[in-house]
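Remember, predicted model here, so these are calculated numbers, not experimental data. Letters go in sequence order (proteins before strands), and every chain restarts at 1.
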2 protein chains.
Amino acid sequence: METRLFQTLLEQRACSDCVLKPMCKPAIVKPDELERMSDHVLPRRSLGAGERLYARGQPVRSLFVSQAGVFKTETLASDGKLQVLGFHFPGELMGLEAIGGRRFRADAFALEPAVICEIPLTALETAASRQPEFQHHLLQAAGSCLADQQDHVELLAMRQADERVALFLVGMLERAERLAGKEEASIHLAMGRTDLASYLCLTIETVSRTFSALRDAGILGVQGRHLAVLDRQRLLGMAKGDAAKGAKRA
Amino acid sequence: METRLFQTLLEQRACSDCVLKPMCKPAIVKPDELERMSDHVLPRRSLGAGERLYARGQPVRSLFVSQAGVFKTETLASDGKLQVLGFHFPGELMGLEAIGGRRFRADAFALEPAVICEIPLTALETAASRQPEFQHHLLQAAGSCLADQQDHVELLAMRQADERVALFLVGMLERAERLAGKEEASIHLAMGRTDLASYLCLTIETVSRTFSALRDAGILGVQGRHLAVLDRQRLLGMAKGDAAKGAKRA
DNA sequence: CGGACCCTTGACGACTTTCAACGTGTGTGG
DNA sequence: CCACACACGTTGAAAGTCGTCAAGGGTCCG
């Protein structure tokens with residue numbers, strides 16, 4: 001059950017035993033450094049759905065890696081509306097964008113019950129100094145965060161709503177498959193339509209209509225937040241901007 | 001003249017003498033490390049307007065900092081169209097998003113005659129290992145890149161074309177003022193309407209019309225790429241999404 | 001049972017895109 | 001020197017898509 005996994009994740013203190021080590025982006029290399037690292041990583045915390053991990057404006061003292069559960073980060077855009085900046089899956093680093101300005105620029109919320117690994121910046125930097133390979137990993141993790149953000153911009157560059165949604169779903173599918181290690185035919189969305197719409201820069205109505213169109217076209221099965229990928233090929237096609245009209249057949 | 005400055009920038013080999021040191025984001029801290037760093041930084045190159053600095057798919061061996069001249073980075077979006085991801089001013093780090101995947105994900109072009117400082121990754125990492133403060137700076141630079149990308153997303157989240165353009169102009173103004181160290185009343189755009197439109201995810205026609213509307217509203221003076229900020233207050237207001245209608249007075 | 005929340009669906013209008021034409025400046029070649 | 005092509009920017013009119021406003025259904029919970 002989920003509770004079992006949660007218990008396991010919470011009890012683990014040592015990074016060397018971490019279930020997520022293989023996919024932990026800031027993964028540490030040498031065993032002895034792992035030990036040292038463990039001493040500094042704070043005890044794992046669990047968060048309930050909707051709970052806030054950190055808040056905009058707080059000084060950054062730690063970075064975070066989700067062990068279980070999807071997170072969202074959102075910021076107050078210049079027009080005063082909330083803007084979802086990203087969704088963060090287990091193993092993905094959070095908070096890095098804050099260290100440029102020393103304070104968090106966004107709020108982070110758990111979308112589901114979650115377990116979080118908190119790494120103090122001081123521990124991160126001393127570990128990086130001691131161990132060039134870890135430093136290298138850290139830089140790579142930063143680069144990956146940047147790449148993710150660029151993907152978000154690319155997503156927003158898709159003009160048509162259905163293309164945007166399709167590209168988003170393909171991305172979610174890939175992430176889920178990377179975590180599961182196998183092909184998936186269904187997607188469970190951790191976020192509601194509101195967060196989804198904000199991330200895609202669309203209204204919830206448009207998102208809902210697009211899902212319905214994909215359903216009517218036989219591409220997707222839609223039951224609330226649970227989606228079934230019925231025609232992977234056509235979904236991929238839409239994500240590439242092929243089928244301008246959602247329901248149009250090839 | 002510009003040529004004089006170019007000559008100066010090209011002749012400088014030592015980071016310690018660098019004119020841009022105060023604003024070089026990956027600025028190095030201690031003098032002796034500066035010396036060592038200089039030995040590894042490649043001789044500065046100059047690029048003509050439109051010349052390519054690096055290409056998508058190339059393996060990353062160096063990061064780059066513009067010494068003079070604005071650059072653009074653009075990628076091939078999944079729909080096959082070119083998408084401008086960012087504009088990079090002197091002192092800003094380029095290429096970091098590539099190191100996550102070991103290859104450049106974008107092309108970088110000089111928009112004007114430019115001088116570039118090339119820092120091999122190996123030099124970067126050894127310097128960071130030796131000197132914790134430099135490592136800290138490097139991480140901060142990475143964070144700043146990430147923050148810039150988030151700003152881009154925030155920009156794209158502005159629904160109305162005039163709000164997007166206004167927010168972009170405010171950003172350009174701020175960057176120019178940071179470089180100049182004083183308030184500016186005019187903006188010289190290094191990029192053409194096509195790159196601008198791509199960055200803003202609008203068509204060039206819409207960008208052009210928006211500029212015209214801002215001109216007619218008495219907010220902006222427009223002469224091709226040269227803009228005069230006539231009503232700073234109202235421009236800021238639009239960037240915050242206040243005036244939904246561009247020409248509407250307060 | 002009522003209410004809150006989330007998601008869906010419909011109709012209308014506004015905005016941007018698209019298509020098209022025009023003007024300007026620059027560089028090339030006659 | 002002029003003609004011409006070409007790139008770039010502007011403007012106009014028409015069409016399409018998404019946002020807005022509004023209403024309704026479903027589920028969960030008190």
Side-chain angles (χ1 to χ4, degrees), chain A residues 49-50 72 77 79 81 83-84 111-112 155-166 168 187-217 220-227 238 241 243-248, chain B residues 48-50 72 79 81-82 84 109 111-112 155-166 168 188-217 220-227 238 241 243-248:
Chain A
K72 73 168 173 182
D79 61 350
K81 289 194 276 283
Q83 172 62 40
V84 173
L111 293 172
E112 331 168 273
L155 184 92
L156 297 179
M158 305 295 285
R159 303 276 154 103
Q160 310 284 13
D162 46 16
E163 294 173 356
R164 256 188 235 178
V165 171
F168 171 77
I187 307 173
H188 177 73
L189 298 176
M191 72 294 296
R193 296 287 191 270
T194 306
D195 286 334
L196 194 42
S198 174
Y199 181 75
L200 299 175
C201 291
L202 297 169
T203 58
I204 58 170
E205 291 96 329
T206 301
V207 171
S208 183
R209 270 187 264 268
T210 306
F211 276 149
S212 299
L214 289 173
R215 165 171 48 69
D216 296 346
L220 216 63
V222 182
Q223 282 172 9
R225 301 185 184 187
H226 203 77
L227 309 176
M238 289 189 61
K245 302 296 167 200
K248 189 170 63 183
Chain B
K72 72 169 173 183
D79 61 349
K81 288 194 276 283
L82 286 173
V84 173
F109 293 92
L111 293 172
E112 330 167 273
L155 185 92
L156 297 180
M158 306 295 286
R159 302 275 151 102
Q160 310 283 15
D162 46 17
E163 293 173 357
R164 257 188 235 178
V165 170
F168 170 78
H188 177 73
L189 298 176
M191 72 295 293
R193 297 288 191 271
T194 305
D195 287 335
L196 195 42
S198 173
Y199 181 77
L200 299 175
C201 292
L202 297 169
T203 58
I204 58 170
E205 291 95 330
T206 301
V207 172
S208 183
R209 270 188 262 269
T210 306
F211 276 147
S212 299
L214 289 173
R215 166 171 46 71
D216 296 345
L220 216 62
V222 182
Q223 282 172 11
R225 302 185 182 187
H226 203 77
L227 309 176
M238 291 188 59
K245 302 297 167 201
K248 190 171 61 183

Sequence neighbours excluded - salt bridge (charged side-chain N to carboxylate O under 4.0 Å, His left out) pairs with any residue from residues 205-215 of chain B: none

Check nucleotides 4-7 of chain C for protein N or O atoms closer than 3.5 Å to its own N or O atoms and list the pairs.
unit_1, atom_1, unit_2, atom_2, d
dC7(C), OP1, Arg193(A), N, 3.4
dC7(C), OP1, Arg225(A), NE, 3.3
dC7(C), OP2, Arg193(A), N, 3.0

Residues two or more places apart in sequence or in another chain: which of them pass ring pair (Phe, Tyr, Trp, His ring centres under 6.0 Å) with Phe168(A)? Tyr199(A)

Nucleotide-resolved protein contact map, nucleotides 18-27 of chain C, B/S/- at heavy-atom distance under 4.0 Å: BBB-------

With sequence neighbours excluded, tell me which residues meet side-chain contact (heavy atoms from CB on, under 4.5 Å) with Asp79(A). Ala77(A), Lys81(A), Met158(B)

Could you check if a side-chain atom of Glu163(B) sits within less than 4.5 angstrom of a side-chain atom of Met238(B), using non-hydrogen atoms only? no

Between the protein and nucleotides 23-30 of chain D, which nitrogen or oxygen pairs come in under 3.5 angstrom?
none

Identify whether any heavy atom of Arg164(A) sits under 4.0 Å from a base atom; if not, whether one sits that close to sugar-phosphate; answer base, sugar-phosphate or nothing. nothing

Sequence neighbours left out, what passes side chain to side chain donor-acceptor pair (under 3.5 Å) with Thr206(B)? Give chain and number order. Thr203(B)

His226(B) has an atom NE2; how far is it from atom C1' of dC8(D), in whole Å? 18 Å

Which residues pass the side-chain contact (heavy atoms from CB on, under 4.5 Å) test with Ile204(A), not counting sequence neighbours? Arg193(A), Thr194(A), Ala197(A)

Between CZ of Phe211(B) and C1' of dT10(D) the distance, given in whole Å, is 12 Å

So, using ring pair (Phe, Tyr, Trp, His ring centres under 6.0 Å) as the criterion, who are the partners of Phe109(B) when residues are at least two apart? none

Flag the pair Ser198(A) / Lys72(A) as yes when at least one side-chain heavy-atom distance between them is below 4.5 Å, and no otherwise. no

